[in-house]
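Presented below is the structure to which this report refers.
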Amino acid sequence: MTSNENGSQTLDLAMQLISRPSVTPDDQGCNQLLMQRLQLLGFKTEVMNFGNVSNFWARLGDRSPVFCFAGHTDVVPSGPIEKWQTPPFEPTVIDGRLFGRGAADMKGSLAAMVVACERYLSKPGIIESLPGSIAFLVTSDEEGIAADGTRKVIEVLEARQEKIDYCLVGEPSSEHSTGDTIKIGRRGSLHGRLRFQGVQGHIAYPHLATNPVHKALAPLQALCLEQWDEGNEAFPPTSFQISNVKAGTGTDNVIPGEFEILFNFRYSTASTEQSLRERTEKILSAHDIPYQLDWHLSGEPFLTLNSRLIDIARASILKVTGVQTSTSTAGGTSDGRFIAPTGTELIELGPCNASIHKVDENVSINALEELTTIYQEILTGLLR
């Protein structure tokens, strides 16, 4: 079935979004669709496009606190279409599940957010007496390099001193059932590009060359064996991982002149970017080999603790699903890394993540309805 036969408003909107092949960073009109729905509710919408990335900021109300739904319309490529049981950009319902790229990550969440607002604001007099503001921050640049999306919108908001007090990111956080896990933080991500210098030469005349691969083994082993920290109550210990290595000319008779290593730190709040950089460079400098090291910070770690938003989310999940939720900081990075450092209480709450980025990505229709009701309950609890 490729049509919504059960009358679900959330399912209907999710299917409209999935039918638009918004492979990052091409929005394919998803933002316009969402803005039109929000404008009908009275939201003031503001397009904030940068480069080839589509972003928008929408806000209803001019009072504090500001509660923001944050999400992304872009999706990863579908992969081999022939391996999907249904076309990835033709939303299809099979046995109570919605199939299509973005169903779980995260067009289903976006649909649930909008419909939750529609239901919440449909109560007589609620808009006139709204004790705060509701906002949306939506980008088409989360699955890509994330340079011109949420990061840039936050810079604009900060420059004009427009603060977000509470933020719910709709990333697929659940493990087995809706709301069984919410993310309250994420590890930082620090990338390094390390190039060891040697002297290229003929492999039969090693005395006339210097093999950087050989000389790099000792410092690389030291980096791999280093205990960077012990983590803390919320985070596991910091992880150092080599992701790529490159050397040589492609032939078997040339000693390489350079050895390039790409590595990454996924680090906890027990360490800082500066401490990791300094310790890495100290280890490298202790060995007799020239090197060049370039750094790129993808995002700092963030953590929300002792939060009113967490308490209300827990209570809302319990009320709707009967599930006692767990909190987690596991997984990769999210756009929360750009929002939380401004002082925002932030959580991630979305559907199950088992099928995200996979062939036949899907989400339970019942989960979409549960998520919509949970979001509505969170709105009710926060904006009393």
Q) Is a side-chain donor or acceptor of S271 paired with a backbone partner of S268 at a separation under 3.5 angstrom? A) no
Q: Evaluate side chain to side chain contact (heavy atoms under 4.5 Å, CB included) for R20 paired with L33, printing each intermediate quantity in order.
A: CA-CA 10 Å; R20 299 167 187 248; L33 175 61; 4.0 Å; yes
Q: Would you please say whether a donor-acceptor pair under 3.5 Å links the side chains of W295 and E281?
A: yes
(Q) Can you see whether E361 engages W84 through a side-chain donor-acceptor pair at a distance of less than 3.5 angstrom? (A) no
**Q.** Contact summary for S122 and R119, nearest pair of heavy atoms
**A.** OG-O, 2.6 Å
Q) Does a side-chain N-to-carboxylate-O contact under 4.0 Å join E300 and R337? A) no
**Q.** Atom pair CD/CD of Q197 and Q292 - distance to nearest 0.5 Å
**A.** 6.5 Å
Q.
For the residue pair Q39 / T45, report whether a side-chain donor-acceptor contact shorter than 3.5 Å exists.
A. yes
Q: From the options L121, I126, I134, L168, select the one residue that forms a side chain to side chain contact (heavy atoms under 4.5 Å, CB included) with L379.
A: I134
**Q.** Pair T272, S275: side-chain N/O donor-acceptor within cut-off below 3.5 Å
**A.** yes
Q: Decide salt bridge (Lys or Arg N to Asp or Glu O under 4.0 Å) for E345 and R308; before the verdict, give the C-alpha distance in whole Å, the side-chain angles of both, and the deciding distance to 0.1 Å.
A: CA-CA 8 Å; E345 291 185 21; R308 180 167 177 251; over 6 Å; no
Q: Say whether, by atom type as modelled, one donor and one acceptor occur between the side chain of H287 and the main chain of I289 under 3.5 angstrom.
A: no
**Q.** D141 side chain vs A146 backbone, donor-acceptor pair below 3.5 Å
**A.** yes
**Q.** Expected output: side-chain N362 to main-chain D360 donor-acceptor under 3.5 Å
**A.** yes
Q) Are R59 and E46 ion-paired here, with the side-chain N under 4.0 Å from a carboxylate O? A) no
**Q.** Nearest heavy atoms of P172 and C352, plus distance in Å
**A.** CB-O, 4.0 Å
Q: Specify the closest pair of heavy atoms between L194 and F263, including all atoms of both residues, with the distance to one decimal.
A: CB-CE2, 4.0 Å
Q: Please determine if K319 and E377 form a salt bridge, counting it only when a charged side-chain N lies under 4.0 Å from a carboxylate O.
A: yes
Q) When you measure from the side chain of T327 to the backbone N and O of I184, does any donor-acceptor pair fall under 3.5 Å? A) no
**Q.** Non-hydrogen atoms of P351 and S109 that approach each other most closely
**A.** CD-OG, 3.2 Å
Q) Salt bridge between E171 and K183, side-chain N to carboxylate O under 4.0 Å? A) no
Q. Do the side-chain N and O atoms of T372 and T10 include a donor-acceptor pair separated by under 3.5 angstrom?
A. yes
Q.
Closer than 3.5 angstrom, by distance alone: can the side chain of T344 be matched with the main-chain N or O of I164 as a donor-acceptor pair?
A. yes
Q | Side-chain donor-acceptor pair present, S140, D74, cut-off under 3.5 Å | A | no
(Q) Is it true that Y291 and S285 share a donor-acceptor pair across their side chains at a distance under 3.5 Å? (A) yes
Q: With Y166 as reference, evaluate L346, L383, L382 under the side chain to side chain contact (heavy atoms under 4.5 Å, CB included) test and give the passing residue.
A: L382
**Q.** Any donor-acceptor N or O pair under 3.5 Å, side chains N253, T251
**A.** yes
Q. Do K358 side-chain atoms and A354 backbone N/O form a donor-acceptor pair below 3.5 Å?
A. yes
**Q.** Single hit among N49, T73, N55 for side chain to side chain donor-acceptor pair (under 3.5 Å) with D27
**A.** T73
Q: List the atom of G332, the atom of R266, and the distance in Å for their closest heavy-atom pair.
A: CA-NH1, 3.6 Å
(Q) Does either side chain, that of T178 or that of E370, offer a donor lying less than 3.5 Å from an acceptor on the other one? (A) yes
Q) Which value, rounded to the nearest 0.5 Å, describes the distance between L17 atom CG and R101 atom CZ? A) 15.0 Å
Q | Aromatic plane relationship, F69 with F136 - under 30° parallel, 30 to 60° tilted, over 60° perpendicular | A | tilted
Q | Polar side-chain atom of T329 near backbone of A234 as donor-acceptor pair, under 3.5 Å | A | yes
Q | D180 side-chain N/O to S177 backbone N/O, donor-acceptor pair under 3.5 Å | A | yes
Q | Lys/Arg N to Asp/Glu carboxylate O, E258 vs R195, below 4.0 Å | A | no
Q: Mind checking the OG1-CZ spacing from T86 to F99? Nearest 0.5 Å is all I need.
A: 7.0 Å
(Q) Before you tell me yes or no, could you show the steps for S173 and E348 under side chain to side chain donor-acceptor pair (under 3.5 Å), namely the whole-Å CA-CA distance, both residues' side-chain angles and the distance that decides it to 0.1 Å? (A) CA-CA 6 Å; S173 63; E348 298 175 22; over 6 Å; no
Q) What are the two closest heavy atoms between S334 and E142, and how far apart are they? A) CA-OE2, 3.9 Å
Q) Taking the inter-plane angle between the rings of F265 and W228 on a 0 to 90° scale, is it parallel (under 30°), tilted (30 to 60°) or perpendicular (over 60°)? A) perpendicular
Q: May I ask you to decide whether R151 forms a salt bridge with E155, counting only side-chain N to carboxylate O separations under 4.0 Å?
A: no
Q | Trace of the salt bridge (Lys or Arg N to Asp or Glu O under 4.0 Å) decision for K282 with E278 | A | CA-CA 6 Å; K282 182 178 180 181; E278 290 175 354; over 6 Å; no
Q | Any side-chain donor near an acceptor of the partner, T139 and K152, under 3.5 Å | A | no
